[in-house]
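To start, the structure under review is shown below, and the notes come after it.
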Amino acid sequence: MVRKTIALALMSGLAFILAFILGDWSPMERLSGVAYDYVTRGAADLGAMNLVTAIVVTYRGLDTLGEVTVLFLAASGVAVLLRRKRDEAAATVKIKRAASEIVTTGASLLSPFIVMFGAYIFLNGHLSPGGGFQGGAVIASAVLLLFLAHPDYKLRHNVLNIIESFSGFTYVLVGLLGLFLAGGFLDNRFLPLGTYGTILSAGAIPLIYTLIGLKVGTELAGILENMKGRA
Amino acid sequence: MENILITLLSLIILVAALAAIYLRNMISAILASGLVSLFASILYLLMAAPDVAMTEAAIGAGLSTVIFLLAFKKTRDEEVENG
Amino acid sequence: MADLIIHIAAAIALLGVALAAARMVKGPSVADRTVALDTLTVISISLMAMIALFAERVIYLDVALVYGILSFLGVIAVARYLEGGL
Amino acid sequence: MKLVMVLGAALMLIGFWGLITRRNMIKMILSLAIAETGLQLIMIAVGYINGGTAPILDSAVDKLSAVQQVVDPVPQALVLTAIVIGVAVNALMLTFIIRLYQKKHSLNISDYKDMKW
Amino acid sequence: MEWYRLTGSILSLMGALFLFLGALGVWRMPDVYNRMQTGTKSTTLGSILTLFGLGVYHPQWMGQMLILMLFIAVTNPISSHALARAAHHIGIPLTKKSVVDDLVEEEEPRLESMAEMEER
């Protein structure tokens, strides 16, 4: 087996490199550099309790913009590749087994709660763990639960597209507002910082995270629906 | 306590990762990778990263398992149809 | 005293995790593995709550909340796949 | 935390090993996802500080001495986006596999020799 | 030593025992359905007891614990039911020791009607 030998050689090389890196690594004793700055100034500067949120939304906000772009490209790639031609769609209609009554009842009972929980997560992103990405994933999970309970459930595509484009556009617009009214692109301080620790605080961070949450949620739901295929 | 927790979870993650690669049955492999993601989420929580743990829990619990299952089903359905 | 008892409880729950994970790896059929995964998710919700107690941070409970409401999705997905309804 | 770093390295090795030796394309994506998890574990472990707590400054953390108590938030922010991108990219790759399967009705990577030089 | 700490820790110890017994049943029971029964019923009770005990231990956290208990009490039966139905559908046999199988009578006519639908 030549292939296995080559694979083994590659693996041992990688293992050697990893062992070399990990060999003389020791945990940090104290924060330093840019992390020290973020931790000491973050709360007072931006008014966000959750420093990870502060970094994701504001300090490294440009990265988040790029990340949302990658997600959008992946979602539209899935949609384009799995688009069905008319005759093809008619040929592959299959009877799927219906879910039992307990599952359908549970789905219709739980999915509003899950959507509400997702909204709670991205609205509280600056106070507790969570934020746009987690909230969006939770909302997509509610859509997934509906798909599991009703095999031929259909989403409304135009509503989905409108929400997605609107939130993406407004996200860039809020970033530009930060550029003109405050320190830089995606700066959150053009809105008042409010009282530290309440839900309407930290400037524009709740707004930005709500937009990110809507965008991520609709994109993941779109990926799921395209991969499920329209029955 | 925490050291015992981390050691045991690491062992289970390693075994589950090996199982995900070497199991013949694809559904079992997908389930094993879901197990890896579940215990990775607990490890993130132990390493004081609740944000990351929440992301891993929200995505690893349902979404990634279902995406793999859907892809597997799509490559299986047609095989039956086309003999 | 009370702290010690909670630590013992966590150790017992960990033993349960080990047993269920063994069934997960061994289990002859897919249904066995799915049952083991279901058990593991429920046990790990309790484990997450105990970790929150050890760390004395209330915010860690949010992770357990998210996992508690989403953990059954994977099991239902596999079940619906097995009965041919996904 | 050294243990977690070793675990992450081992997961990366297992993932790449599976990526090279498996022939089934869905298995390969699964291996890649495992390698991804290992990398994320390593990144989080780099930012850990012994005895540190989560970088969320609520009433449990004293704001003035927060620098001595919390762990590094920067790797956490990086990994946060990496996980979401990871699942989207996995979905895209699986979509490619579905399309390939519809062309040739095979999941075996050895059957796709069109691009071989 | 406050009394509520002791009460809460003993409650969660009992819950952890139930969790362990559920996992032991998953390891020891002879077939899928028995494993499912111990793996879901016993762990539901165990996790609810554990979370309630932790809530008693730390009274400020009781609200979150109650929500968590509600989630578990709602979601766990759904998943175990769906799984049991799927396992019965794909024809995993019961162990030799079991005596009744009521779902067979319900499933047979439904299966026939499904076959008819597919023929049509």
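Letters A, B, ... mirror the listed sequences (proteins, then strands); counts begin at 1. Computed over heavy atoms, backbone and side chain alike; hydrogens, waters and symmetry mates excluded.
Each ring-ring contact (aromatic ring centres under 6.0 Å, His included) pair with one or both residues in residues 52-78 of chain A, not counting sequence neighbours, appears once here: A/Y38-A/Y59.
Of the atoms belonging to D/T21, it is side-chain heavy atoms, and not backbone ones, that fall under 4.5 Å from chain A. For chain A, the nearby part of D/A45 is the backbone; its heavy atoms alone come within less than 4.5 Å. When heavy atoms are compared at a cutoff of 4.5 Å, A/L22 approaches chain D by way of both its backbone and its side chain. Both the backbone and the side chain of A/V78 come within contact range of chain D, each with at least one heavy atom under 4.5 Å from a heavy atom of that chain. Proximity to chain A (any heavy atom under 4.5 Å) is shown, for D/F16, by both the backbone and the side chain. Looking at A/M227, only its side chain comes within 4.5 Å of chain D, counting heavy atoms on both sides. The part of A/L18 that comes within reach of chain D is its side chain, from C-beta onward, which places non-hydrogen atoms under 4.5 angstrom from that chain.
Once rounded to the nearest 0.5 Å, the distance linking CD1 of D/I85 with CD of A/E67 reads 4.5 Å. Annotation: the span from A/I223 atom CD1 to D/T95 atom OG1 amounts to 7.5 Å, rounded to 0.5 Å. In this structure, D/M12 CE and A/L14 CG are separated by 6.0 Å, a value rounded to the nearest 0.5 Å.
Residues A/L10 and D/W17 fail the side-chain proximity criterion, which asks for heavy atoms closer than 4.5 Å. Between D/V84 and A/L71, the closest side-chain pair of non-hydrogen atoms falls below 4.5 Å. For the pair A/K4 and D/I20, the minimum side-chain heavy-atom distance is 4.5 Å or more. Residues A/N50 and D/P55 form no side-chain contact, since every pair of their non-hydrogen atoms from C-beta on lies 4.5 Å or further apart.
Although no hydrogens or angles enter the test, the distance criterion places a donor-acceptor pair under 3.5 Å between the side chain of D/R99 and the main chain of A/L81.
In plain terms, the two heavy atoms of D/L92 and A/A74 that are nearest each other are CD1-O, 3.8 Å.
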For this session: Decide side-chain contact (heavy atoms from CB on, under 4.5 Å) for D/L80 and A/Q134; before the verdict, give the C-alpha distance in whole Å, the side-chain angles of both, and the deciding distance to 0.1 Å.
Result: CA-CA 9 Å; D/L80 196 66; A/Q134 293 93 333; 3.4 Å; yes
